[in-house]
Amino acid sequence: MGVGVASPGWCGLALGLSLVFSGCSLSAGAALTRPSGRDHSLAIGPSVEASLQLPRTYQTVAGIEWTQSRTASDAWRLGMSYGLTTLPTAAGRVVWEATARGGLLGAARDAGVGGFGGLRLAMLLRLGRLRDPWQSDGIADTAWFLVADAGVNGLAGGGRSLESEISTRLLLRMNLGSALLP
Amino acid sequence: MSARIAAAVLCAGLAGCTTYRMPGGSGPASDLRERTEGLLTAGTARADVTPPPGPSTFGHGPDALVAQGYWTRLYCRIFVLETAPEDRVALVACDLHSISSILHRSVAERVRAIVPTSRLLMAATHTHAGPAHYFDAAVYGGIASSRRPGFDPAMVEFLAARIAQGVERAYAARRPVAARWVHTSAWRLTRNRSLEAYRANGGPPLADPPGGLDLSEEEKAIDPALHVLQLEAVDPQTRTRMLGPAGWIVLFAMHPTVVGSRNRLFGGDAYGASSRLLEAELRRAWAHRCGATAAPECARLEELDPPAAILNTNEGDISPVWSTGTAAEAIRVGRALAERAWATYAEDARVAGAGPAWLAGGAGFRNRVALDSRYLEVDLPGAATRSSGANATLCPGAELGEGSGHGASDHPVSLDSILPHGADVDPDRHDCQAPKKRMMGALQTLLVGPARTSFPSHAPFALLRLDDTWLSFVPGEPTVHAGAAINAGVTAVAHQRDGRAAHAAVVGLANAYFQYIATREEYATQSYEAASTLYGPGTADYFRDRFLLLARSMRGESIDGELRPGEPRVGEAVELTYQPGPLRSRLPGAADGASLDSLGDVRRQRGLCRLLRTPPGVCFWWSDGAPGRVAIPDGRFLGLVRAESREPVRTCQSARPLSSPWMTVCDPGAVVDDRGLQFETRARGHSGDAWLWSTLVQPSREQWAAMAGAGPVRLSAAGTAGVRPVESEAFGAGALPAACAADALRFCLGEDDDAPR
């Protein structure tokens with residue numbers, strides 16, 4: 001539980017930024033998408049996401065995600081997300097997040113860049129031993145989560161007509177938090 | 001307007017601001033005539049406000065750790081005083097960091113049948129080992145206000161309900177009393193921790209130490225004033241025959257921060273020790289009197305437990321003289337203060353030599369006194385002072401300076417090392433807050449919030465006159481000089497009809513919390529206290545001005561003409577709203593975890609061993625219910641009982657008595673339990689529904705000596721109603737438990753939470 005910050009410098013700067021923007025997390029895993037249009041095939045590919053819990057309630061999250069679906073018409077996606085999380089108030093293992101997302105998607109066959117937007121609901125399962133409050137009040141702390149999310153997206157452009165899509169992801173998330181945050 | 005829209009958008013987008021109504025509003029005072037003397041009655045009570053383990057402590061900013069248990073219980077000591085229902089006041093002194101507006105108003109809402117909001121006077125001892133999470137201003141519940149910060153309405157409810165119950169008990173216990181003030185001084189206990197800022201005021205020292213004391217500059221730059229209000233029960237028929245102590249209120253300037261920021265136990269720190277040591281003497285004084293008289297109270301001597309409350313005064317820049325930061329040192333400092341206070345009574349020949357039939361009037365006790373109070377609320381942002389000169393208004397917004405982030409010199413904040421270094425004065429600043437260097441620049445607004453209620457903004461000022469002494473209840477921490485200026489102003493206005501000199505003292509940390517109040521000269525230095533003065537350099541002048549107004553009102557003058565239109569009137573507690581920091585559940589709930597009843601045989605001893613100390617300590621650990629389930633605030637939770645009868649072990653003394661002619665008389669309330677200073681109790685963790693608890697008991701030599709004659713004893717952790725206690729194996733002074741092994745020792749000292757195998 002020690003503070004252990006001996007001198008300013010990069011370590012101090014990182015901690016300072018962590019203090020301001022903390023509750024940042026990095027997730028990686030697999031995404032599975034199923035469009036409703038002409039391409040009914042399931043697509044699966046890697047997905048990574050980084051997000052921040054925003055001041056002052058830290059129950060608002062903003063993030064950026066990148067997914068490579070590996071289909072010819074939907075080769076990659078780069079999107080932003082914004083929504084709500086129960087992470088600061090969750091006392092048990094389960095955390096919920098609901099976010100809106102939107103961004104760009106690109107196709108492999110010179111079909112141009114399109115866009116996507118949608119809604120996502122995620123259930124986060126906290127991994128490891130649940131700790132008591134006095135065991136988790138360090139200035140910097142990490143927590144691991146298994147994230148299962150499901151969402152509905154609309155896809156447009158990129159050589160396609162507007163179509164809907166169901167997507168789901170399974171991610172492993174590392175959350176860098178701080179007990180200085182509410 | 002654009003700034004307001006931007007703030008609203010920022011607020012809505014980032015925080016989802018929710019506004020709440022502040023309870024406890026009440027109308028203006030209807031009778032502001034100067035009060036004359038009347039026969040005094042007083043009722044006292046003690047309210048236990050010790051939360052179960054789990055909330056954070058408060059006071060060391062980002063270094064305030066989550067509490068794992070408690071060392072001393074946290075008490076509010078309550079005095080209901082009156083000469084007539086119209087002047088009745090409830091004076092509440094709490095082992096808390098400070099009093100928040102929402103706490104003051106929430107208690108007021110509950111006790112409005114006894115006193116209006118304007119006559120509920122609450123103050124905190126300023127222990128930094130009290131709980132967080134009960135502040136209505138976002139800044140005290142938001143980022144870095146403590147570890148695991150947040151505002152918890154359940155904490156407000158917990159504290160307010162218990163304090164209100166205490167006020168009701170005190171009201172019901174009113175009885176005729178006589179009172180006297182003793183005004184003396186205490187040196188060598190404290191030192192000034194911001195000497196440069198103190199010197200900026202110029203002029204001679206505020207107080208001259210007596211000759212022969214070898215004091216450092218820091219030890220001279222203090223307010224040594226020690227004010228002691230002694231209340232003595234008198235016979236209800238004659239109202240003159242003195243029976244025994246009804247309670248004491250001691251005022252002194254000192255941060256009770258001997259126990260440092262590594263602490264994880266709730267406790268009253270040095271003032272908690274002072275109160276307990278004085279209370280033992282008040283009980284002993286009763287026992288002494290009862291040896292010579294046959295007052296009806298003497299039939300229930302063991303129940304008599306008059307409270308000795310400590311109120312802090314102008315302690316803003318005053319620290320205790322400490323070195324190790326241990327509980328033992330807190331007791332040493334607390335004992336030194338208690339000795340000074342007790343000497344005003346026990347070494348007074350008029351008291352010590354009084355016979356069993358001494359009467360009010362002897363030794364300066366008066367059964368007929370003047371009791372009066374005034375209360376005035378003000379919105380501080382942009383408020384105008386009556387003082388002339390520059391910065392005659394308070395700043396339109398509150399702000400923390402860079403110096404605030406460093407922490408006080410005796411307890412620097414560990415995060416200071418990552419904050420920008422250099423001067424804390426901004427020479428290029430020319431606005432109202434100049435020369436304050438804004439901490440974190442624009443990020444301060446982002447993190448704390450743009451709303452004016454993100455910082456405390458609505459201040460209650462209260463003035464109480466009790467006999468020849470005027471107490472100014474300041475919603476913050478005035479420095480020595482800022483407090484002295486208020487006192488000088490009040491005594492210049494106050495007058496006594498009987499020719500006696502008027503005395504004045506500030507009571508800090510009262511009714512709301514606005515951090516520090518530094519003088520204009522101190523503000524220019526941007527010391528820690530000055531940088532934490534929220535509304536700019538005119539703050540001390542403005543505060544002094546308000547108390548002068550109240551003193552004039554108390555003298556019978558009308559001050560309505562000097563209040564701006566729309567401002568609250570004297571005695572009025574206006575309707576308010578507030579936007580607290582993020583709501584978080586921090587207080588363990590009474591329904592969390594399994595009921596004690598359902599745990600059955602799971603609740604049992606897990607270990608018992610002896611610490612090799614002189615005198616020996618005993619460590620006991622056991623399985624029990626969740627923190628919100630056990631009975632910590634409901635009387636004795638842990639104590640020593642006789643192995644066979646289960647009766648509490650009573651000793652002649654809890655600790656070495658303070659000096660008095662009757663110091664060999666036994667303290668009738670001396671028991672060995674967790675309401676004293678000897679237990680350090682922790683929740684250690686849980687497995688399923690069973691929680692592991694431990695307590696480290698360090699009986700005094702006096703207690704060990706008494707136990708030698710008590711036969712086998714056990715440590716007992718109380719159950720709830722109908723549920724048996726958890727008891728240790730029997731041991732005794734002559735049959736101590738086995739010595740703790742190395743892993744058990746680490747566990748018992750709180751260095752390792754894993755239970756010894």
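Labels below follow one simple rule: chain letters A, B, ... track the order of the sequence lines, proteins then strands, and each chain is numbered from 1.
Between B:D753 and A:R131, none of the side-chain N atoms (NZ, or NE/NH1/NH2) sits under 4.0 Å from a carboxylate O, so this pair counts as no salt bridge.
Contacts of B:P55 with chain A are absent, with no heavy-atom separation under 4.5 Å from either backbone or side chain. For chain A, no part of B:S56 is nearby; none of its heavy atoms comes within less than 4.5 Å. At a 4.5 Å heavy-atom cutoff, the contact between B:A67 and chain A is made by backbone atoms alone.
Between B:P582 and A:Q59, every side-chain heavy-atom pair lies at or beyond the 4.5 Å cut-off. Within the 4.5 Å cutoff, side-chain heavy atoms of A:D137 are placed close to those of B:R264.
Looking at every heavy atom in both residues, B:P53 comes nearest to A:W134 through CB-CZ3, 3.9 Å. In plain terms, the two heavy atoms of B:G141 and A:P182 that are nearest each other are O-CG, 4.1 Å. Closest approach of B:L583 and A:T89 over heavy atoms only: O-CG2, 4.0 Å.
To the nearest 0.5 Å, atom CG of residue A:L181 and atom CZ of residue B:R147 are 11.5 Å apart. Distance check: A:T57 OG1 to B:I143 CD1 gives 11.5 Å after rounding to the nearest 0.5 Å. Atoms CG and CG, on B:L447 and A:L180 in that order, are 11.0 Å from each other to the nearest 0.5 Å.
Take B:S694 and apply the side chain to side chain donor-acceptor pair (under 3.5 Å) test, not counting sequence neighbours, and it matches B:R684. Annotation: side chain to side chain donor-acceptor pair (under 3.5 Å) contacts of B:T57 (sequence neighbours excluded): none.
Within 6.0 Å of the CG atom in A:L146, the count of heavy atoms belonging to other residues, nucleotides or ligands exceeds 12.
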| message | Set out, in order, the CA-CA distance, both residues' side-chain angles and the distance that settles side chain to side chain contact (heavy atoms under 4.5 Å, CB included) for B:S454 and A:R56, then state yes or no. | response | CA-CA 11 Å; B:S454 298; A:R56 293 177 314 278; 5.6 Å; no

